[in-house]
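Working notes, beginning with the structure itself.
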2 protein chains.
Amino acid sequence: MTEPPYTIQQAAAQTGLSVHTLRYYEDAGILPGIRRNGSGHRCYDEQDLGWIRWLKMLRNSGMSIEMIREFVQLSQQGNDSIEARCQILDAHRQKIRATISELEGYLHLLDQKLLFYRGLEDG
Amino acid sequence: MTEPPYTIQQAAAQTGLSVHTLRYYEDAGILPGIRRNGSGHRCYDEQDLGWIRWLKMLRNSGMSIEMIREFVQLSQQGNDSIEARCQILDAHRQKIRATISELEGYLHLLDQKLLFYRGLEDG
DNA sequence: GTATCAATTAGAGTGCACTCGAAGTCAAGG
DNA sequence: CCTTGACTTCGAGTGCACTCTAATTGATAC
């Protein structure tokens, strides 16, 4: 039942990242625009949490901090950079697709190995 | 047109791993039984190359060196360990399946984001 | 007013999987 | 003989993405 603005602890709890990681992301330049309260403490609103979740998705899907930084820098350049941003996302999508195919291939190999082992057990 | 036994260079060339990595894998205990020639040099036969390719698959599909080491140790214990080995492979298969589903979810999110951006561009 | 607690910063440490370098050995070629 | 080149070992270095520590500040609770 908490509501914005959130402390860094609360933001961490709501996004599943650690407090350390939130600060690290800010330092790394992929989490810009976090405001501070009168005491200099970070405070996060819903939009920030949304961006953090988006970051989390990009990281989990294998995009490097470096590439995300590029994407963020483009985002800060306004609407002229939308095409460039789409290219990054498109490339990433292709990379994910390739990873999925690769993994599916490995699944087949594993199945074969398992069949082989289970054959050994029975005979 | 080379044929066994292979030097470490040749084994590296044939498997796509580096010479360094082949030695590292041996030290790490996941590439046992590599014989040496009169000069103490490693020599690899087809079976070794097969195992190296299998290792490569396990690594590429996200199995840790640590887990592979466990698997190798079981392999060296003879046929009694087949069930345990199957369990490891089965768990890994599940992990790969989970990863694939996760990635497919991310693909959807990316598609949505791209639709959103392309909407911005047009209007 | 002082203890507690959450926050701040800069910078160092961690874990994984390589990756490389230095120093030395050894066999074949000119 | 001496150079070249591939090999050896041991141990240190790299890159990424965190992850943690230490020292400090500042607000709230009693």
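Proteins get letters first, then strands, A, B, ... in listed order; numbering begins at 1 in each.
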* Of all the nucleotides listed (C:dT8, C:dA17, D:dA27), which has the minimum atom distance to the side chain of A:His41? -> C:dT8

* Look at the side chain of A:Arg59 and decide which nucleotide, out of C:dT9, D:dA17, D:dT9, has an atom nearest to it. => D:dA17

* List the steps, then state whether salt bridge (Lys or Arg N to Asp or Glu O under 4.0 Å) holds for A:Asp90 with A:Lys95. => CA-CA 9 Å; A:Asp90 238 336; A:Lys95 194 181 131 187; over 6 Å; no

For atom [atom1] of [X] and atom [atom2] of [N], their distance in whole Å:
X	N	atom1	atom2	value
B:Arg42	D:dC7	CZ	P	10 Å
B:Glu66	C:dA17	CD	C1'	13 Å
A:Gln10	C:dC5	CD	C1'	14 Å
B:Tyr6	D:dC7	OH	P	15 Å
A:Arg69	D:dC18	CZ	P	12 Å
A:Asn60	D:dC16	CG	P	19 Å

* Asked: Any luck finding a side-chain donor-acceptor pair between A:Asp45 and A:Tyr6 under 3.5 Å?
  -> no

* A:Glu26 and A:Arg35 ion-paired at < 4.0 Å -> no

Ignoring hydrogens, what is the shortest heavy-atom contact between [X] and [Y]? Give both atom names and the distance.
X	Y	answer
B:Arg85	B:Ser75	CD-OG, 3.5 Å
A:Cys43	A:Arg36	SG-C, 4.0 Å
B:His92	B:Leu58	NE2-O, 4.1 Å

* Does any residue of residues 16-37 of chain B have a heavy atom under 4.0 Å from DNA chain D, and if so, which ones, in number order? -> B:Arg23, B:Arg36

